[in-house]
Amino acid sequence: MRSNQPQTIYLSDYKVPAYLVDHVDLRFELFEHGARVHSILTVRRNPQSDDVGAPLVLDGDRLVLESLALNGTPLDGDQYEDRGDQLVVADVPEQFQLSVVTWIEPQNNTRLEGLYKSSGMFCTQCEAEGFRCITFFPDRPDVMARFRTRIEADRSAYPVLLSNGNDIDRGDLPDGRHFVTWEDPFPKPCYLFALVAGDLVEKRDSFRTRSGRDIDLRMYVEPRNADKCAHALDSLKRAMRWDEEVYGREYDLDIFMIVAVDDFNMGAMENKGLNIFNSSCVLASQDTATDAAYQRIEAIVAHEYFHNWSGNRVTCRDWFQLSLKEGFTVFRDSQFSADMGSATVKRIEDVTLLRTAQFAEDAGPMAHPVRPSSYIEISNFYTLTIYEKGAEVVRMLHNLLGPELFRKGSDLYFERHDGQAVTTDDFVRAMEDASGRDLSQFRLWYEQAGTPVLTVRDEFDADRGVYRLTVEQTLPDTPGQTDKKPHHIPFALGLLDRRGQPLPLRLADDDTEAPTERMLELTERAHTFEFHGLAECPVPSLLRNFSAPVRLNYPWTREQLLFLMSHDPDGFNRWDAGQRLAVDVIQSLVGAPRDTQVEPRLVTAYRHLICDASLDQALVAKMLQLPSEAYLIELADEADVPAIHQARERVLKHLAISLRDELVACYRRNAQDSAYDLSPLAIARRSLRNTALAWLLAINDEEGRALAVRQFRDADNMTDRIGALRALVNSDYEDDRNQALASFYQRYQDDPQVVEQWFSVQAASDRAGQLPQIRALLTHPAFDWKNPNKVRAVVGAFAGQNLAAFHQVDGSGYDFLAEQVCRLDDSNPQIAARLVTPLTRWRKFAPAYRERMRAALERIRDKPSLSRDVYEVVHKSLAG
Ligand code: TRP
Ligand code: ZN
């Protein structure tokens with residue numbers, strides 16, 4: 001822990017490395033009381049660097065240096081300086097070998113960075129800067145080396161020893177120990193290094209590439225999880241095939257390995273040839289994983305696999321370029337998921353996350369560009385902006401160039417930069433060179449933070465048959481950025497006649513072959529488009545498929561929204577019209593008198609959705625989800641959370657009471673009638689029946705209660721079982737709730753991933769998750785402060801999803817969160833910093849809440865020896 005103020009790192013200070021490392025020879029001696037790491041670096045001066053005669057500077061973090069030798073000669077204490085976080089050797093030749101031995105204690109590593117232990121196994125997490133916790137090294141992604149790794153450990157406790165690349169040697173050692181040596185032929189930055197040692201079972205599969213090479217696929221899990229690997233391996237094969245077909249990318253090594261670990265700070269990690277996953281993002285069985293979990297696993301397995309090209313073969317020059325690999329890879333995995341299931345539903349899910357959470361980040365004190373220009377702690381920059389907005393920026397390139405030129409651009413990017421560490425600008429240049437388009441203005445998307453606001457106005461000139469559409473863009477100020485320039489925005493448009501038929505978009509009178517949809521391009525602060533040859537005023541379908549990550553304002557009437565909900569040929573916009581209507585209805589009830597009417601046409605529209613079985617059921621299942629409280633808060637200026645909560649509850653209950661019989665019929669129509677499967681239709685039907693249950697229980701319907709109790713008992717899959725549990729937990733039937741919670745725990749107590757779901761169902765519920773109950777969960781025997789998933793399931797779900805319980809006017813929810821952040825700050829700063837997020841939005845709330853949130857932030861700020869991670873988030877949140 002530090003005591004003085006941490007330093008800010010600036011992109012403008014970037015310098016090429018003074019020394020390059022061509023080869024790294026590692027030997028790990030793993031013991032229960034610690035690990036000894038022997039490293040031999042083959043180093044040479046970087047010919048690109050003008051820093052002639054610079055000392056060799058290696059990064060290190062909490063390392064005990066045991067010995068140091070240059071070209072085999074041990075160095076004396078006056079030939080080097082161990083500064084704690086850096087090892088400096090002043091006098092080095094042009095080329096040399098440096099031998100370093102360090103001692104580390106993985107068994108005491110609770111930060112889960114570097115080498116640590118998780119349920120008895122050794123594993124690593126090196127991105128972004130964890131390798132420096134293992135040995136002294138130039139820990140930056142533009143230093144790429146070939147690694148050879150020998151692992152030595154007790155044979156019976158650690159029969160499986162893994163690292164990147166191919167296993168080239170193995171054998172026995174004295175004292176019941178053994179070793180395996182791995183060699184990775186591809187140069188890589190050290191953040192992609194990985195090591196695993198444990199008592200794991202191996203599940204094998206194989207994949208034949210399109211050029212006919214057979215790849216060994218191996219998945220390693222704890223023995224109790226042996227039957228939960230099939231979905232991940234199937235997903236992996238689908239991802240490998242898809243990347244060949246859609247991007248022309250083939251896998252390069254002979255082995256591809258996946259490991260599941262229980263203690264992990266994030267979802268998964270793309271280490272070369274050895275992807276490491278959070279157990280909750282890779283293990284699945286019908287009885288333990290929900291549909292959402294199955295889909296998440298498929299997406300994350302694909303994401304990490306896709307990194308082999310977008311991240312590993314072509315990597316980042318520095319961490320300011322993080323979105324180069326993350327934004328592009330999220331775009332790739334979302335295209336993949338769209339192709340595997342319902343493309344419209346996938347788009348709806350991505351946009352929901354973006355508009356709820358990324359827009360909030362972009363409007364808050366941690367707002368930053370997709371390519372930031374400074375940071376204090378890089379771990380804090382694995383954000384929704386880098387990942388999700390970064391993916392939207394790549395998607396806009398796809399929208400502007402079209403699929404063929406985009407593919408030409410990605411081919412050029414991979415070919416031009418294979419084996420290099422590059423920048424987001426290199427990516428855009430490849431797209432530019434391949435397409436011949438000028439993307440200089442488009443580059444602003446990487447530099448300017450904040451969410452653009454588009455304001456659309458229209459008028460119809462009936463005499464001339466001309467429809468005029470004006471689009472204005474503004475970009476709000478963000479910390480450190482004002483007076484921004486207009487963005488280059490792809491704006492997909494359609495026009496509908498009064499029967500819902502698509503109209504040709506004629507830009508001139510004689511434009512006969514006009515298409516019914518256009519990708520307009522906005523580059524100025526305001527544009528006016530004219531569409532000719534129209535007999536009547538059309539209804540516009542704006543920003544189809546969410547063609548750009550912007551806020552869109554247009555004075556829709558409720559009639560227009562109802563019309564678009566049922567007629568827009570763009571499925572995304574049909575859903576969006578429904579959301580906008582529901583938002584409008586809920587907002588009009590916030591703080592309104594109790595007898596204010598709920599819009600009757602909303603009931604009619606929902607009745608139609610529930611009853612018309614000819615509609616796309618996957619889309620209907622999404623359209624029936626009311627906008628979340630989090631989204632309604634994001635849209636508010638001074639959010640009054642209890643009032644928003646009440647208004648939303650009122651609408652939900654009004655719909656449930658008005659549509660009670662339809663909901664029961666919907667439940668019965670969608671009862672499971674065939675074997676469990678994961679088709680989009682089957683997933684939609686489970687979603688529909690669980691929505692029906694939740695609504696019926698929200699109004700204390702006795703028949704709904706009986707259906708829920710029976711479904712809970714008889715379900716043959718986790719989606720239905722936890723759907724029924726959630727409905728009961730959120731109901732007024734206290735005995736049923738307690739019985740269901742107890743029996744669920746009884747049944748699944750030995751499965752950590754299910755226990756995590758059990759925790760979060762309670763923590764996210766305004767019935768079962770009030771503060772005293774949350775405190776009780778923290779003392780439950782299955783709760784573990786050292787396991788990030790448990791912390792997220794209780795503390796994260798409470799503060800992030802149970803908003804009415806978290807936002808207490810006495811500030812008790814905020815104080816609780818501050819207390820947990822301080823307690824975690826010493827053991828796991830990355831997780832502690834992420835937990836602060838809900839408090840960083842303090843300026844968004846009504847005054848009484850705002851002040852108490854700020855006070856909680858100040859309490860965290862005043863904790864002695866705050867980590868760099870939490871320091872950055874708290875200080876930036878309080879600034880200005
Ligand atoms: N690169 C990982 C991904 O695929 C992100 C990641 C995994 C990570 N573990 C981490 C980032 C730990 C920071 C710290 O998205
Ligand atoms: Zn990633």
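Whatever order the structure lists ligands and atoms in, that order sets their numbers, starting from 1. Source: prediction; values computed, not measured.
Checked by atom type, the side-chain pair Tyr247/Gln335 shows a donor-acceptor distance below 3.5 Å. With no hydrogens or angles considered, no side-chain donor-acceptor pair links Ser867 and Arg111 at under 3.5 Å.
Remark: ligand 1 and Glu127 share an N or O pair separated by less than 3.5 Å (distance only, no angle test). The shortest N or O to N or O distance between Glu270 and ligand 1 is under 3.5 Å. The shortest N or O to N or O distance between Gln830 and ligand 1 is not below 3.5 Å.
In this structure, the protein non-hydrogen atom closest to atom 15 (O) of ligand 1 is Tyr387 OH, 2.6 Å. Protein heavy atom closest to atom 7 (C) of ligand 1, with residue, atom name and distance, is Ala268 O, 3.0 Å.
Heavy-atom contacts of His303 reach the following atoms of ligand 1: 3 (C), 4 (O), 15 (O) (cutoff under 4.0 Å). Listed by number with element, the atoms of ligand 1 under 4.0 Å from a non-hydrogen atom of Lys325 are 1 (N). Here is the list of ligand 1 atoms found below 4.0 Å of a heavy atom in His307: 4 (O). Counting atoms of ligand 1 from 1 in the listed order, those under 4.0 Å from a heavy atom of Glu304 are 3 (C), 4 (O). Those atoms of ligand 1 with a heavy atom of Met269 less than 4.0 angstrom away are 1 (N), 2 (C), 7 (C).
In this view, Arg416 and Leu412, Arg429, Ala430, Asp433 satisfy the side chain to side chain contact (heavy atoms under 4.5 Å, CB included) rule, not counting sequence neighbours. In this structure, the side chain to side chain contact (heavy atoms under 4.5 Å, CB included) partners of Asp205, at least two apart in sequence or on a different chain, are Leu217, Leu233, Lys237.
When side chains are defined from C-beta on, Met269 does not count as touching Asn275, because their heavy atoms never get closer than 4.5 Å.
The name of the N, O or S atom in Glu326 nearest to the Zn ion (ligand 2) is OE1.
Ile134 approaches Leu115 most closely through the heavy-atom pair CG1-N, 3.8 Å. Shortest non-hydrogen contact noted between Gly130 and Asp139 is N-OD2, 4.0 Å.
Remark: Arg332 is positioned above the aromatic ring of Phe328, its terminal NZ or CZ atom under 6.0 angstrom from the ring centre and at most 45 degrees off the axis.
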